[in-house]
Asks: 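Okay, here's the structure, questions in a sec.
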There are 2 protein chains.
Amino acid sequence: MPREKSAITPHRSKGRPRTFDRAAALNRALDVFWRRGYEPASVAELCMAMEVNPPSLYAAFGNKAQLFMEAVHHYEKVYWDAAWQLLEEEPDLHRAMAGFFREAARILTSQDAPCGCMVVLGAANVSPDAQDVNDALKALRREGKDCFRHRLRKGVEDADLPSGTDVESLALTLNTVFEGMSVQARDGASQAELERIARTAMALLPARS
Amino acid sequence: MPREKSAITPHRSKGRPRTFDRAAALNRALDVFWRRGYEPASVAELCMAMEVNPPSLYAAFGNKAQLFMEAVHHYEKVYWDAAWQLLEEEPDLHRAMAGFFREAARILTSQDAPCGCMVVLGAANVSPDAQDVNDALKALRREGKDCFRHRLRKGVEDADLPSGTDVESLALTLNTVFEGMSVQARDGASQAELERIARTAMALLPARS
DNA sequence: GACTGTCTGTAGCGAACACTACAGTTATAG
DNA sequence: CTATAACTGTAGTGTTCGCTACAGACAGTC
């Protein structure tokens, strides 16, 4: 009965084995980065939360930027993959969009503290020397926009939207609402408020012709 | 012929007069804060841009946080006051909204570098010890939301909108689009793209009943 | 057993941060 | 003129930042 990951990752190589759970530590780091953002999260605070000393952190994750990227990756996988998949795979476009936004409202308010989406706000203010981190998040934001566009295009093909629909403008706008919801969430908007925003924005989708 | 402010503010008090133009220095500071955000803008960089040494900065503006607040205040006054006034005073609601968003698209792309709105993104990631700065911006964001709500309510009273209009949801959503536009702008969206988003979002406004 | 490689905690590196002590300068007040 | 008060540049302050040198601990390999 092989397990994918034991609590303490087993070592088959030489050397002293790691004494902490890498996956658990990554989760703790994600929590800190999500709440604080990239730069305000200090390595000291990360170490505290991860219950690890700096040398162990650097040995396991490289440096702060790499740890952040890995945390974002994990964040996307744990929190958003299902939502994006729902958007893509639900056959009916209107239900797909409504479902995605409802899920987004849930995720954006799932933390006990209000922090919005890590991809949208996690590296909003960043020194010029950490520009690569911001660029990576920017690429992820672009992916989100592309998902909207792609799904809307499919909606037109499926005749869920009128053939004359301005897919490009609609994708841009829905993506803007989506990213705006992160700002709202960080300002303390409740799940119900975010759902209301989402439901209102759904009116932008033309009915089946 | 009294001038409101001479290039070098005249002193009627004792002591050595200031040798730099306070207003001009504030403008330079605004520029730095706008591009970089609150925390990544270092006092050293601010001093460089303002052509002033640290002691002069602190004597004239208090500290970094106060300088930032004053810069934000100035930013609001110079860039946004006219837009909010247009929103409030243009009699026709649909024209008021469209005008405001068109103006917003212009302002958000007016800098040579993409940076979005200072109120929305200027202190997005901030250490816990600068929380008061974030709180102040949050209050300004709330004001914006209230402006939308107030204007929409007036629109219903003026019969520019149907009497059954859900003003609250509409205000929340338009404000979300507005704040989302800042994220788009920082990601490099052009004025034309922002206008397209705005025009698309305008479809949320019900026609005169 | 000796050898080797990786992880561990301690302790501290240089750099950058926001901010200021201080002495000198230049204005007004009396 | 002297005294006082505000601003000036130089040259720092203490703190925090991300990161690491180092020595000891612990594993597999021979």
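Naming convention: chains lettered A, B, ... in sequence-line order (proteins, then strands); numbering from 1 in each chain.
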Asks: What is the distance from CE of B:Met48 to C1' of C:dA16, rounded to the nearest Å?
Replies: 13 Å
Asks: How many Å lie between CD on A:Glu51 and P on C:dG9, as a whole number?
Replies: 11 Å
Asks: Would you indicate, yes or no, if C:dT8 has its OP1 or OP2 atom less than 4.0 angstrom from a side-chain nitrogen or oxygen of A:Ser56?
Replies: yes
Asks: Does the ring center of A:Trp34 lie less than 6.0 Å from the ring center of A:Tyr79?
Replies: yes
Asks: Without decimals, in angstroms, what is the distance between B:Phe61 CZ and D:dC7 P?
Replies: 11 Å
Asks: Going by the side-chain hydrogen bond (donor to acceptor under 3.5 Å, both in side chains) test, which pairs reach into residues 104-113 of chain A, not counting sequence neighbours?
Replies: A:Asp31-A:Gln111, A:Glu103-A:Arg106
Asks: Round to a whole Å and report the spacing from CG of A:Leu67 to C1' of D:dG18.
Replies: 12 Å
Asks: Check B:Glu195 with B:Arg102, please: is the shortest side-chain N to carboxylate O separation under 4.0 Å?
Replies: no
Asks: Atom CE of B:Met50 and atom P of D:dT8: how far apart are they, to the nearest Å?
Replies: 11 Å
Asks: Is it true that A:Tyr75 and A:Phe33 have ring centroids separated by less than 6.0 Å?
Replies: no
Asks: Whole-Å distance between D:dT16 P and A:Glu45 CD?
Replies: 13 Å
Asks: I need a per-nucleotide contact map over nucleotides 17-26 of chain C, read 5' to 3'. Cutoff is protein heavy atoms under 4.0 Å; write B for the base, S for backbone only, - otherwise.
Replies: SSBBB--BBB
Asks: Rounded to whole angstrom units, what separation is found between the CZ atom of B:Arg22 and the P atom of D:dT8?
Replies: 12 Å
Asks: Starting at atom CG of A:Asp21, determine the distance to atom C1' of C:dC7, rounded to an integer number of angstrom.
Replies: 15 Å
Asks: Do A:Met97 and A:Leu174 have side chains that approach each other closer than 4.5 Å (heavy atoms only, starting at C-beta)?
Replies: yes
Asks: On the nucleotide D:dT8, are OP1 or OP2 found under 4.0 Å from the side-chain N or O atoms that B:Thr19 carries?
Replies: yes
Asks: A:Phe178 ring centre to A:Lys145 NZ or CZ under 6.0 Å, with the angle to the axis within 45°?
Replies: no
